[in-house]
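The figures that follow rest on heavy atoms only: side chains count, while hydrogens, waters and symmetry mates do not. One-based numbering along the sequence shown. Keep in mind it's a predicted model, so treat the numbers as computed, not measured.
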Amino acid sequence: MHPRIEPFASGMLARPGGAELYWECSGNAHGRPAVYLHGGPGGSVGTGGYRRRFDPANYLIVGVDQRGTGRSTPWAIDDLDSLDTNTTQTLIADIDALREHLGIEAWLLHGVSWGSTLTLAYALAHPARVTEIVLTAVTTGGRDEITWITETVGAIFPEAWDALSRDVPTGRRVVDHYAQLLRDADPAVRSGAADRWDAWESAHISLDPSWRPGDRHADPRIRQNFATLVTHYWSNDCFLTGADTVLARAPRLAPIPGVLVHGRLDVSGPAVIPWRLHRAWEGSRLRIVDTEGHGGAIEMELTARAIDEFAAAR
């Protein structure tokens, strides 16, 4: 991992629908462009730990808070009426608008968790704008992955599953039920749903022995915004369905070099997810870390090494 650095530039990019996207640049202003796409949906670039995966001497490092979250405005929970326009395709357009705003021709993409799904969707939409891809804690946004993480994995965590699902009507998808609750007119209903969703996320995220369940998001506003965006995207199958799923189109990624890093103990995202993507993506490389779950120190070191290697190869 590289030393911690601070941005040398940041700003807000106005987008259709009244959204303003927070962006920041660090590293070498004249270096090889790279963009980090954070997890969630509903996460953020946070305090900038992602920058340590890039050599600041080699890379112009771009971070962006996705629409509706982080330092971008407005938050999803503050503008529920516009949530239906917050889609994967909208985020792809946002990212490419930022690329143009910064005067970047093409860039390396690095995504973690949900950010890996968004990375893949962007690369499939704009392959000429992507030089390389590095993914960590890999997801592809498929219906089977969403069913696993919101229902099937409850067989391993029955106590947490019962707390989440006991009030869901029979025959209804759990994620659809929570997506509706988190848009309810009653603030108390939204708050209670967010608390239950946060407890579920914490319970199933990893089988890594070092993981200890607890509030994933201590701030109630962050907790509710995260839950609102996650359930919105997952109830809509990440807006990637039919012939537009990532796995269905993955062979088109063959011209783009890629590295996939994943933890064997990532029970929320089983290793079969990056395995299937790797098999469909000719030329990709897969690194499985047997001792870690959904992101870990070794995974991040391997991620940084892959990003370094791409810089050295040019």
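- A donor-acceptor pair is defined here as one N or O able to donate and one able to accept, closer than 3.5 Å; no such pair exists between the side chain of N28 and the backbone of N58.
- The minimum heavy-atom distance linking A76 with L83 is given by the pair CB-CD1, 4.0 Å.
- Looking only at distances, a side-chain donor or acceptor of T131 sits under 3.5 Å from a matching main-chain atom of L108.
- Judged by distance alone, the side chain of N236 and the main-chain N or O of F239 form no donor-acceptor pair under 3.5 Å.
- Looking only at atom types and distance, the side chain of T139 has a donor-acceptor partner in the side chain of T117 under 3.5 Å away.
- Among all heavy-atom pairs drawn from C25 and L60, the shortest one is CB-CD1, 4.0 Å.
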(message) Apply side-chain hydrogen bond (donor to acceptor under 3.5 Å, both in side chains) to residues S116 and T119 and explain how you reach the verdict.
(response) CA-CA 5 Å; S116 57; T119 289; over 6 Å; no

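- R53 has no carboxylate O lying under 4.0 Å from a charged side-chain N of E301, or vice versa, which leaves the two without a salt bridge.
- Judged by distance alone, the side chain of T69 and the main-chain N or O of G42 form a donor-acceptor pair under 3.5 Å.
- Between the R52 side chain and the H2 main chain, a donor and an acceptor come within less than 3.5 Å of each other.
- Counting non-hydrogen atoms of other residues, nucleotides and ligands closer than 6.0 Å to CD of E282 gives a total of 12 or fewer.
- Judged by distance alone, the side chain of T303 and the main-chain N or O of E299 form a donor-acceptor pair under 3.5 Å.
- Residues in residues 130-141 take part in these salt bridge (charged side-chain N to carboxylate O under 4.0 Å, His left out) pairs, two or more places apart or across chains: R32-E132, E132-R314.
- In this structure W161 satisfies the ring-ring contact (aromatic ring centres under 6.0 Å, His included) test together with W200, sequence neighbours excluded.
- Evaluation of the side chain to side chain donor-acceptor pair (under 3.5 Å) test over residues 238-263, restricted to residues two or more places apart or in two chains, returns none.
- Nearest heavy-atom pair across I61 and R51 is CD1-O, 4.2 Å.
- The closest donor-acceptor contact from the side chain of H204 to the backbone of V267 lies at 3.5 Å or more, if one exists at all.
- Every residue meeting the side chain to side chain contact (heavy atoms under 4.5 Å, CB included) condition with T85, not counting sequence neighbours, appears here in chain and number order: S82.
- The closest side-chain heavy-atom distance from R279 to L286 is not below 4.5 Å.
- Identified under the ring pair (Phe, Tyr, Trp, His ring centres under 6.0 Å) test for residues 163-194, with sequence neighbours left out: Y178-W197.
- Under the side chain to side chain contact (heavy atoms under 4.5 Å, CB included) criterion, D290 pairs with R264, I288, sequence neighbours left out.
- With D96 contributing its side chain and I92 its backbone, the two residues share no donor-acceptor pair below 3.5 Å.
- Applying the ring-ring contact (aromatic ring centres under 6.0 Å, His included) test to Y50 and every residue at least two apart in sequence or in another chain returns Y36.
- Qualifying side chain to side chain contact (heavy atoms under 4.5 Å, CB included) partners for S44, counting only residues two or more places apart in sequence or in other chains: D65.
- With sequence neighbours left out, the salt bridge (Lys or Arg N to Asp or Glu O under 4.0 Å) criterion links E145 to no other residue.
- Using modelled atom types, no side-chain atom of S191 and backbone atom of P187 make a donor-acceptor pair closer than 3.5 Å.
- Counting only heavy atoms from C-beta outward, the side chains of T73 and D78 never approach each other to under 4.5 Å.
- Qualifying salt bridge (Lys or Arg N to Asp or Glu O under 4.0 Å) partners for R305, counting only residues two or more places apart in sequence or in other chains: none.
- Of the possible donor and acceptor atoms, one in the side chain of N86 sits under 3.5 Å from a partner among the backbone N and O of R67.
- A194 is linked by a side chain to side chain contact (heavy atoms under 4.5 Å, CB included) to L182, R223, Q224, A227, counting only residues two or more places apart in sequence or in another chain.
- Under the ring pair (Phe, Tyr, Trp, His ring centres under 6.0 Å) criterion, no residue pair touches residues 133-156, with sequence neighbours excluded.
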